Amino acid sequence: MRIATYNINGVKARLPRLLEWLEETQPDIACLQEVKSQDEGFPVEEFERAGYGAIWHGQKSFNGVAILAKGTQPVEAQRTLPGDPEDEHARYLEADVFGMRVATIYLPNGNPLPGPKFDYKLAWMKRLYDRAAVLLAAEIPAVLAGDYNVIPHTHDIWAPAAMLDDALRQPESIAAYRALLAQGWTDALATHYPQGGIWTYWDFQAGAWQRDHGFRIDHLLLSPVVADRLASCGVDKEYRGREKASDHAPTWVELTD
DNA sequence: ATGACTGCCTCTGGCAGA
């Protein structure tokens, strides 16, 4: 059972690349972020032709998340992150699929800081903490997969001094991420590659990809029973180097059945 | 270095991203 998360940065612009990745790597579940499409523009027919059922939560111009599942239809469990009825950003979607609860997460970037965008990020992380606690308390086998916009550790970025003023590396952001792990979630890639040096994102600018100036912000958090099934995990780094690539690379876990 | 790219929806330039 392979579960992947992929910030695709525009489902229309990346559709050929996305279908190619599905065909070549055959994930059982794919959590997508930055779909950047309204609900009615989501290319569900193309995914169905590729053998994937899909649910999505779209928004015009930016944000937008989706869950694809091979040969089955994910069953929606939650369309928004609870805790703020005023929040209209399409950043969260939960579904039951293959006996697990799977969430696709597009956590707010939080820049610039200080300011309302950083406050929104931290408030969103508190809401995610509360939601994650509910799932753990219910002992639901769960995976929280997505673009967390948090660089958890110094060894999760190409240079220790890079991005220190950025919302992705603020102590408050990192503390909120660690609080989530302290509940009992397993950061799959951190567990498997404790020495770090694994990147999931490379900026479009300044030749970041060519210089391998990346960092790790796409994470798969596993509930305890799912963590016990973790066989391997990794990043499909090669896709970042293809034509018309997203600035993120697909990140995945392989679970025993 | 107020830099760099890229997608989106178009007020084809401004916003958002990280």
Side-chain angles (χ1 to χ4, degrees), chain A residues 5-19 21 31-43 46 56-66 87-92 104-122 124-125 128 145-174 176-177 189 196 198-219 235 237 239-251:
Chain A
T5 180
Y6 194 0
N7 179 321
I8 53 172
N9 194 353
V11 73
K12 300 180 199 91
R14 314 291 181 206
L15 191 58
R17 195 87 310 154
L18 188 54
L19 293 171
W21 168 72
C31 296
L32 307 179
Q33 304 87 34
E34 278 207 88
V35 166
K36 294 186 175 180
S37 164
Q38 286 173 292
D39 280 339
E40 50 270 34
F42 188 82
E46 279 85 348
W56 59 96
H57 182 181
Q59 183 174 358
K60 192 176 181 180
S61 299
F62 65 116
N63 299 327
V65 289
D87 184 3
E88 294 186 340
H89 284 201
R91 297 180 175 276
Y92 190 85
T104 178
I105 288 167
Y106 180 41
L107 208 145
N109 171 299
N111 285 304
L113 86 154
K117 292 196 171 182
F118 190 60
D119 296 342
Y120 173 60
K121 176 182 192 142
L122 296 180
W124 207 95
M125 292 188 83
L128 180 60
D147 176 359
Y148 280 73
N149 272 316
V150 175
I151 300 167
H153 194 278
T154 304
H155 66 211
D156 291 318
I157 186 160
W158 62 278
M163 303 278 287
L164 282 175
D165 296 331
D166 196 279
L168 279 63
R169 273 193 90 185
Q170 286 311 294
E172 296 97 321
S173 310
I174 293 166
Y177 185 75
L189 273 83
I198 305 289
W199 320 144
T200 68
Y201 169 89
W202 296 256
D203 202 301
F204 286 127
Q205 302 183 61
W209 167 248
Q210 288 76 10
R211 300 175 186 196
D212 200 28
H213 289 181
F215 37 86
R216 188 174 76 94
I217 51 175
D218 299 276
H219 308 305
V235 178
K237 183 174 177 178
Y239 288 83
R240 177 61 182 81
R242 295 195 184 183
E243 282 296 310
K244 294 282 284 180
S246 170
D247 41 5
H248 296 248
T251 306

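Worth saying up front: this structure is predicted, and the values here are computed from it rather than measured. Chain letters run A, B, ... following the sequence lines, proteins first and then strands; every chain starts at 1.
- A:Asp218 and A:Thr200 are linked by a side-chain donor-acceptor pair at a separation below 3.5 angstrom, with hydrogens and angles left out of the test.
- Scanning for side chain to side chain donor-acceptor pair (under 3.5 Å) contacts around A:Asp119 gives an empty result, with sequence neighbours left out.
- The C1' atoms of B:dA18 and B:dA4 are separated by 14 Å, rounded to the nearest whole Å.
- Residues A:His219 and A:Leu189 have side chains not in contact (no heavy-atom distance under 4.5 Å, counting atoms from C-beta outward).
- B:dA16 atom C1' lies 14 Å from atom CG of A:Asp166, rounded to whole Å.
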For nucleotides 8-11 of chain B, tabulate all protein N/O to nucleotide N/O atom pairs closer than 3.5 Å, reporting atom names and distance.
none

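- Phosphate proximity of B:dA18 to A:Tyr106: present, with a side-chain N or O under 4.0 Å from OP1 or OP2.
- At the phosphate of B:dG17, OP1 or OP2 sits under 4.0 Å from a side-chain N or O atom of A:Arg91.
- The residue among A:Ala245 and A:Tyr201 whose nearest nucleotide of DNA chain B is located toward the 5' end is A:Ala245.
- Minimum interatomic distance between A:Asn111 and A:Lys117 (heavy atoms only, all atoms of both residues): O-CD, 3.2 Å.
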Would you list the protein and nucleotides 3-5 of chain B atom pairs, both N or O, that sit under 3.5 Å from each other?
{"residue": "B:dA4", "atom": "N7", "partner": "A:Gln205", "partner atom": "OE1", "Å": "3.4"}
{"residue": "B:dC5", "atom": "O4'", "partner": "A:Phe204", "partner atom": "O", "Å": "3.4"}

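- Under the side-chain hydrogen bond (donor to acceptor under 3.5 Å, both in side chains) rule, A:Gln33 has a single partner from A:Thr5, A:Asp147, A:Asn9, which is A:Thr5.
- Across the C1' atoms, B:dT10 and B:dT6 are found 16 Å apart, a figure rounded to whole Å.
- A:Lys244 comes within 4.0 angstrom of sugar-phosphate atoms only, judged by non-hydrogen atoms across all strands, and of no base.
- Heavy atoms of A:Asp147 sit under 4.0 angstrom from primed sugar atoms or phosphate atoms, though from no base atom.
- Between the C1' atom of B:dG17 and the NZ atom of A:Lys121 lies a distance of 12 Å, rounded to the nearest Å.
- Rounded to a whole Å, the OH atom of A:Tyr120 is 16 Å from the C1' atom of B:dA18.
- A:Asn149 comes within contact range of the sugar-phosphate backbone alone, with a heavy-atom separation under 4.0 Å but no base atom that close.
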- Check step by step if side chain to side chain contact (heavy atoms under 4.5 Å, CB included) holds for A:Val150 and A:Lys121. CA-CA 10 Å; A:Val150 175; A:Lys121 176 182 192 142; 4.3 Å; yes
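- As judged by a 4.0 angstrom heavy-atom cut-off over every strand, A:Arg216 is placed among residues making no nucleic acid contact.
- Residues A:Tyr106 and A:Asn149 form a side-chain contact, since some pair of their non-hydrogen atoms from C-beta on lies under 4.5 Å apart.
- Evaluation of the side chain to side chain contact (heavy atoms under 4.5 Å, CB included) rule for A:Gln205 yields A:Asp203 as partners, not counting sequence neighbours.
- Remark: P of B:dA18 and CD1 of A:Ile8 are 13 Å apart, rounded to the nearest angstrom.
- B:dT2 and B:dC8 have their C1' atoms separated by 24 Å, with the value rounded to a whole Å.
- By the side chain to side chain donor-acceptor pair (under 3.5 Å) test, A:Ser246 is found to be paired with no residue, residues two or more places apart in sequence or in another chain being considered.
- Looking at heavy atoms from C-beta onward, A:Tyr201 lies out of side-chain contact with A:Asn7 at the 4.5 angstrom threshold.
- B:dG3 and B:dC15 have their P atoms separated by 15 Å, with the value rounded to a whole Å.
- Taking atom CZ of residue A:Phe215 and atom C1' of nucleotide B:dG17, one finds them 11 Å apart after rounding to whole Å.
- Residues A:His89 and A:Phe62 are in side-chain contact: their nearest non-hydrogen atoms beyond the backbone lie under 4.5 Å apart.
- Looking only at side-chain heavy atoms (C-beta outward), A:Ile105 and A:Trp124 come within less than 4.5 Å of each other.
- Rounding to whole angstrom units, CZ of residue A:Arg240 and P of B:dA18 are separated by 13 Å.
- A:Asn7 comes within 4.0 angstrom of sugar-phosphate atoms only, judged by non-hydrogen atoms across all strands, and of no base.
- Listed pair A:Lys117 / B:dA16 meets the phosphate criterion, a side-chain N or O lying under 4.0 Å from OP1 or OP2.
- Taking the P atom of each, B:dC11 and B:dC5 are spaced 27 Å apart, rounded to whole Å.
- B:dA1 and B:dG7: their P atoms are spaced 29 Å apart (whole Å).
- Among the heavy atoms of the strands, none lies under 4.0 Å from A:Tyr148.
- Atom CD1 of A:Ile174 and atom P of B:dA18 are 16 Å apart (whole Å).
- For the pair A:Glu243 and A:Arg17, the minimum side-chain heavy-atom distance is below 4.5 Å.
- In this structure, CG of A:Asn111 is placed 17 Å from P of B:dC15, rounded to the nearest angstrom.
- A:His248 comes within 4.0 angstrom of sugar-phosphate atoms only, judged by non-hydrogen atoms across all strands, and of no base.
- In DNA chain B, runs of at least 3 consecutive Watson-Crick or G-U pairs, each pair with both distances below 3.5 Å, span B:5-9 with B:13-17.
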- Intermediate values then yes/no, side chain to side chain contact (heavy atoms under 4.5 Å, CB included), A:Tyr6 and A:Leu32: CA-CA 5 Å; A:Tyr6 194 0; A:Leu32 307 179; 4.1 Å; yes
